[in-house]
Visitor: 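Take a look at this one; I'll ask things after.
Worth saying up front: this structure is predicted, and the values here are computed from it rather than measured. Positions are given from 1, in the same order as the sequence printed here.
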Amino acid sequence: MAQPHARSGEVISVRPLGERLREARTTALIKAEQLEVVRIVLPTGKSLREHSVPGEITVQCLEGRVQFHTTEAVLVLERGDFIHLLPHTPHALHALDDASLLLTIRLQP
């Protein structure tokens, strides 16, 4: 059964998962008309292939380390790091350590 998305006004935790990270899965937290928020979980060595989305995005590393690839650079995001991308910007991720990230997508109306 799919996990329900948070409702308007509901408090949800995006704290690091710590010991629970190895068993966690990527989860959509909010899906609204113009906004989607997802906790991405990437075990060490796993990747998300290059892709882009039609809206602006932000990615915040909650724990672990990931390589964040764009057409211009390969960056390392660590706990507390945050990045913003414009619409249609190709990017890929590769986990250097077990990691969780908070992805926010501004959906096009």
Side-chain angles (χ1 to χ4, degrees):
M1 181 167 97
Q3 178 176 352
H5 298 124
R7 297 178 313 276
S8 178
E10 180 180 359
V11 175
I12 56 175
S13 175
V14 293
R15 290 182 187 96
L17 296 167
E19 303 265 332
R20 298 173 294 147
L21 181 57
R22 286 203 166 263
E23 291 79 38
R25 297 207 183 296
T26 295
T27 306
L29 304 173
I30 298 169
K31 180 121 184 183
E33 187 175 329
Q34 295 181 9
L35 177 72
E36 185 169 357
V37 179
V38 178
R39 182 192 288 259
I40 297 172
V41 175
L42 279 178
T44 303
K46 296 293 182 181
S47 298
L48 291 178
R49 63 177 174 75
E50 186 176 283
H51 61 285
S52 65
V53 295
E56 292 180 77
I57 70 167
T58 63
V59 178
Q60 179 180 359
C61 184
L62 300 173
E63 59 196 315
R65 291 183 317 133
V66 296
Q67 283 182 332
F68 195 95
H69 299 255
T70 67
T71 54
E72 285 133 24
V74 176
L75 308 164
V76 174
L77 298 183
E78 298 179 345
R79 182 180 181 157
D81 290 341
F82 181 88
I83 190 167
H84 166 260
L85 295 180
L86 295 173
H88 305 289
T89 302
H91 59 282
L93 288 89
H94 178 77
L96 300 172
D97 299 319
D98 291 342
S100 72
L101 306 112
L102 188 65
L103 165 67
T104 303
I105 305 169
R106 180 183 172 268
L107 302 171
Q108 301 301 318

Visitor: Tell me which pairs pass salt bridge (Lys or Arg N to Asp or Glu O under 4.0 Å) where either residue lies in residues 93-102, with sequence neighbours left out.
Guide: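 Pairs touching residues 93-102 that pass the test: Arg22-Asp98, Arg65-Asp97.
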Visitor: Check whether any side-chain N or O of Thr70 sits under 3.5 Å from a backbone N or O of Phe68 as a donor-acceptor pair, and report yes or no.
Guide: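 Not a single qualifying donor-acceptor pair exists.
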Visitor: Heavy-atom distance under 4.5 Å between the side chains of Ile57 and Leu86, does that happen here?
Guide: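 No, side chains not in contact.
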Visitor: Any side-chain heavy atom of Leu62 sitting closer than 4.5 Å to one from Leu101?
Guide: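 Side chain of Leu62 against side chain of Leu101, heavy atoms only: no contact under 4.5 Å found.
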Visitor: Hey, what do you get for OG1 (Thr27) to CD1 (Ile40), rounding to the nearest 0.5 Å?
Guide: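 Answer for the OG1-CD1 pair, Thr27 versus Ile40, is 10.5 Å.
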Visitor: Can you name the side-chain contact (heavy atoms from CB on, under 4.5 Å) partners of Ser47, sequence neighbours left out?
Guide: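 Partners of Ser47 by the side-chain contact (heavy atoms from CB on, under 4.5 Å) criterion, ordered by chain and then number, come out as His94.
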Visitor: Not counting sequence neighbours, which residues clear side-chain contact (heavy atoms from CB on, under 4.5 Å) with Val74? List them please.
Guide: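 Testing Val74 for side-chain contact (heavy atoms from CB on, under 4.5 Å), a comparison that skips the adjacent residues, returns Gln67, His69.
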Visitor: Given side chains that start at C-beta, do those of Val38 and Leu29 come closer than 4.5 Å, heavy atoms only?
Guide: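 Side-chain contact under 4.5 Å: no.
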Visitor: Distance-only check: which donor-acceptor pairs under 3.5 Å involve side-chain atoms of residues 12-21, not counting sequence neighbours?
Guide:
unit_1	atom_1	unit_2	atom_2	d
Ser13	OG	Arg15	N	3.2
Ser13	OG	Arg15	NH1	3.4

Visitor: Please list all pairs meeting side-chain hydrogen bond (donor to acceptor under 3.5 Å, both in side chains) that have one or both residues in residues 71-85, counting only residues at least two apart or in different chains.
Guide: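 side-chain hydrogen bond (donor to acceptor under 3.5 Å, both in side chains) check on residues 71-85 returns Glu56-His84.
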Visitor: May I have all residue pairs that pass ring pair (Phe, Tyr, Trp, His ring centres under 6.0 Å) and include part of residues 12-35, sequence neighbours excluded?
Guide: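 Every candidate ring pair (Phe, Tyr, Trp, His ring centres under 6.0 Å) pair involving residues 12-35 fails, so no pair, neighbours aside, qualifies.
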Visitor: Test of understanding: with salt bridge (Lys or Arg N to Asp or Glu O under 4.0 Å), list the residues that count as partners of Lys31, not counting sequence neighbours.
Guide: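 Per chain and number, Lys31 pairs via salt bridge (Lys or Arg N to Asp or Glu O under 4.0 Å) with Glu36.
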Visitor: Which heavy atom of Ala32 sits nearest to which heavy atom of Leu107, and what is that distance?
Guide: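 Looks like O-CD1, 3.4 Å.
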Visitor: Taking ring pair (Phe, Tyr, Trp, His ring centres under 6.0 Å) as the definition, give me every residue that meets it alongside His51, ordered by chain and number, with sequence neighbours left out.
Guide: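 His91.
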Visitor: Under the ring pair (Phe, Tyr, Trp, His ring centres under 6.0 Å) definition, can you give me all pairs with a residue in residues 20-44, not counting sequence neighbours?
Guide: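 Checked against ring pair (Phe, Tyr, Trp, His ring centres under 6.0 Å) - neighbours excluded - no pair reaches residues 20-44.
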Visitor: If every non-hydrogen atom of Pro87 is compared with every non-hydrogen atom of Pro54, which pair is closest and at what distance?
Guide: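 Residues Pro87 and Pro54, closest heavy atoms: CB-O, 3.0 Å.
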Visitor: Are any non-hydrogen side-chain atoms of Leu75 and Ile83 less than 4.5 angstrom apart?
Guide: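 Heavy-atom side-chain distance check passes, below 4.5 Å.
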Visitor: Residues in side-chain hydrogen bond (donor to acceptor under 3.5 Å, both in side chains) with Glu63, at least two apart?
Guide: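 If we apply the side-chain hydrogen bond (donor to acceptor under 3.5 Å, both in side chains) test to Glu63, skipping adjacent residues, the hits are Ser100.
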Visitor: State, with a plain yes or no, whether a side-chain heavy atom of Phe82 is found less than 4.5 Å away from one of Thr58.
Guide: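 Yes, close enough: below the 4.5 Å cut-off.
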Visitor: Would you mind listing the cluster partners of Leu96? Hydrophobic ones only (ILVMFWY), side-chain contacts under 4.5 Å, chaining allowed.
Guide: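 Its cluster mates, by chain and number, are Val76.
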Visitor: Does the side chain of Leu48 reach to within under 4.5 Å of the side chain of Leu42, using non-hydrogen atoms?
Guide: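 In short, these two side chains touch, coming nearer than 4.5 Å.
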Visitor: Can you name the residues that form a side-chain contact (heavy atoms from CB on, under 4.5 Å) with Ser52, not counting sequence neighbours?
Guide: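 Checked Ser52 against side-chain contact (heavy atoms from CB on, under 4.5 Å); zero matches.
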Visitor: Are Leu35 and Ile105 side-chain neighbours, meaning at least one heavy-atom pair lies under 4.5 Å?
Guide: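 Contact flag for Leu35/Ile105 side chains = no.
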